[in-house]
Amino acid sequence: MSDTRAASVHGPVPPFGVHLDGGGVRVSVLASHATGVDLCLIDVVRSAPGAEPRYTERRVPLTERAYGVWHGYVPGVHEGQRYGFRTYGPWDPAAGLRHNPAKLLVDPYARGIVGELDFGPETYGHVAHVAHVEPVEPLDGMQTASTATTAPTAPTAPTAPTSLTGVADLARTDDADQTSLPGVPRTRTPMLGRHVVGDPYGPADDRDSLGSVPHSVVVGPRHHHPPVRRPQVPWRDTVIYEAHVRGLTQQLDAVPEHLRGTYAGLAHPATITHLKDLGITTVELLPIHAFVPEPHLVTKGLTNYWGYNTIGFFAPHGGYATAAAQAAGPGAVLDEVKGMVHLLHEAGLEVLLDVVYNHTCEGGAPGQHIGWRGLDNSAYYLHDGGSPARLVDVTGCGNSLDFSRPRVVQMALDSLRYWAQEVGVDGFRFDLAVTLGRDRAGFTSNHPFLVGLQTDPVINQLKLVAEPWDVGMGGWQTGGFPAPMAEWNDRFRNATRSFWLSDPAAAAHGRGGHGIRELATRLAGSADLFGHSDPPLVRGAIASVNYVTAHDGFTLADLVAYEHKHNQANGEDGRDGSDDNRSWNHGIEGPVPADSLGMEIAPLRRRSIRNLLGMLLLSAGTPMITAGDETGRTQGGNNNAYCQDNEISWVDWDLTPWREDLLATTQHLLRLRREHLALRVDGFFLGHPQPEDEPGQPDLAWYDAEASPVSHEQWHDTSTRIVQMLRRERRGHDDQEIDDSHVLLVLNGTLDDVHVTLAGRGNSSRAWTLAWDSAWEHPDDRELAADGGPHDVAAGTRVHLEPLSMQVYLAYLDHA
């Protein structure tokens, strides 16, 4: 075909993507530097049932152009049609231009994506070849030939161009008996122990990638589903549960085998019952946008388990659907996702999606040529402005989408709106969100994308959560995002782990710790981070998403059993994963055999887990639990299990007695939170009385072990390890919401038994009732208190706390 087109360049820009319209489709794609774009309609040809597919292709030139957007109407295209794009234009990598019509490109707006990505040289835009490496060695991030240990494999012969009639002039195949069949075969390049090397600034590769890349699929609106009815859980009541679609139910026997590890399995009654009984309100799913593995993982025989390697921001990941839905096609996969969301909504559960708009699956400059890179490399990706043009990587993933570009901002907002309106999700967690707020000068809270989140009438009604950092300059921005966004609070994680784990570990060896100042600030909602706004304090404590663990890092059980990461299974010689774990093995690394003398530390480990849970679930802010922590899930010390789609990462539902006790404890703590307004506050504590309270009755007060107000010296004394936090009752939003209980948290962060004088004199005349003690293995241990004494005690009473433990007291209104 010709690479020049007549085009109208000032017409209106249609919606991006391929959309059903009457008897055909409206097509629109950004390729602002291209001289021509083809819509490629793909059909599957099979010689026999079960045989490897072959593909024929019909190319339809897009002849209309407006402001760099190529578009047109193509009749005779229906739901389920596979397609892709090919671009024509300059191949000038030094200038950031990488047009290569030999490469079939995925539509960035595709609603469905099918097929696996091959990792052979056909999927690269530049000339490349396969080189052998040691399977146990990690790939060099630049994929240079210097990592090869044997002579490189010769590149395969290039194929002839595909004709406009849709049949390859010469089929690419290694089997002479197949040459008479029409179309291009599916490519499966063995890559174990091998990787692709080449010069990304060298010449363009002319091998056709049709049989080597996933295909976009036309998927229309799903009108047959019930209307979306969101639970609309108030932020104050929200308890987030971070889960992986496959990992949550892959080993859950109560879910039928064919549903385990799927969208349908996540919405199965057994799964929902567990979440509801636990006290969860909101499920946050690790990425379910379509994704693919990274080449360096394929070389080692591993895969991307977490899903932070997106190939499509509008298409659900097909691998999480049931086999029946996958066989029926992307429309059925989308139906299953919508059905999952609907069933969770019916149970009163919200759904948040972890979304990865900061980078794509194409990697760095030496990476694959799959979609955005071939369509408009310089418009989609952040470059350094130099010559040759080099990618700027503020994500640690090889590339960064350039959010100073309006079309990138539009793509992310369009995607969010689609998942909210078409699928019905309740909100989003933004991975490496600082990247999304970067302009040419760095991060700004007034970035157009963040303004869009605040002002879009669909998106601003949802729950929005930022991961407030990336790896670029000025990348740590916790507290820097605008309302109504909440943020992951890494300072809460660090303070909680330090106080209960790394500080005691240091104290056991005669070293000092951190005292109570940082911990108390996090307990009270982190106003120092989230209170700076105009006007001040409008974001409230709910803006702090408190967590002790997440998908990356140790599990709760591993935090108390390992002081060092054990990531050998990842094949990177322990170089991956954080070294700042703030964990404590309590004297022995790893699991302790049941019949060994080391079992004496097992109760201490379990108490440490309960202390961490108590901090998480009873602090001001929005708590987030990582799936499986409520039952003591272990990853065997692996703190970066991103490539482990196996028992290392999957939730283990075979509960031993101590794990059942832990589940009961988590349920009890969440019940306390749910039943007492002082434990789930909207705004910040102010440290002065609420309306109708007396002058000496602040809404939040801090006391030492003798029930005296914590002094300035004690706040700054790192040896202070005992503190009491008294929260007075909170007013509900209406007359139906009444809770007049005060709450007292008593913390003993020392290695010794202590006696503490309960605080409250002068602040309250009520008696205290012990509601929970982290020394209890099970909440029912309350009825088996060792001293056999009364549970109701007056302020000023001396009480006993075990080493490294916490107690929770409630004081109800005395109606006498």
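In what follows, residues are counted from 1 in the order of the sequence shown.
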Original post:
Does any pair with a residue in residues 485-507 pass ring pair (Phe, Tyr, Trp, His ring centres under 6.0 Å), and if so which ones, sequence neighbours excluded?
Top reply: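 Residue pairs passing ring pair (Phe, Tyr, Trp, His ring centres under 6.0 Å), neighbours aside: Trp488-Tyr547.
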Set of residues satisfying side-chain hydrogen bond (donor to acceptor under 3.5 Å, both in side chains) with respect to [X], sequence neighbours excluded:
X	result
Ser649	none
Asp552	none
Arg606	Glu777
Trp584	none

**OP:** Count the heavy atoms of every other residue, nucleotide or ligand shown that sit under 6.0 Å from CZ of Arg761, and state whether that count exceeds 12.
**Re:**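 Open.
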For [X], give me all partners under side-chain contact (heavy atoms from CB on, under 4.5 Å), at least two apart in sequence or on another chain.
X	result
Thr281	Val233, Thr238, Val239
Glu589	Tyr562, Glu563, His564, His566, Asn585
Ser608	Leu501, Val560, His586

Any residue meeting salt bridge (charged side-chain N to carboxylate O under 4.0 Å, His left out) with [X], in chain and number order, not counting sequence neighbours:
X	value
Arg246	Asp645
Arg798	Glu706
Asp595	none
Arg607	none

Original post:
Among Asn748, Leu801, Thr797, whose side chain to side chain contact (heavy atoms under 4.5 Å, CB included) with Val756 holds?
Top reply: Leu801
**OP:** Please name the residue in the list Val710, Thr750, Ile516 that meets the side chain to side chain contact (heavy atoms under 4.5 Å, CB included) test with Ile722.
**Re:**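 The residue from Val710, Thr750, Ile516 that satisfies side chain to side chain contact (heavy atoms under 4.5 Å, CB included) with Ile722 turns out to be Thr750.
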Answer yes if the side chains of [X] and [Y] hold a donor-acceptor pair under 3.5 Å, and no otherwise.
X	Y	value
Asn763	Arg728	yes
Asp277	Gln667	no
Asn639	Asp558	no

**OP:** Mark yes or no for whether Arg633, through its side chain, and Ala627, through its backbone, hold a donor-acceptor pair below 3.5 Å.
**Re:** yes
Subject >> Residue pair Ala775 / Glu802: nearest heavy atoms and the distance that separates them >> reply: CB-CG, 3.8 Å
Subject >> Non-hydrogen atoms of Leu662 and Gly632 that approach each other most closely >> reply: CD2-N, 3.4 Å
Subject >> The single option from Tyr305, Trp306, Tyr263 passing ring-ring contact (aromatic ring centres under 6.0 Å, His included) against His244 >> reply: Tyr305
Subject >> Criterion side chain to side chain donor-acceptor pair (under 3.5 Å) on Ser498 and Asp503, from CA distance to verdict >> reply: CA-CA 5 Å; Ser498 294; Asp503 283 358; 5.1 Å; no
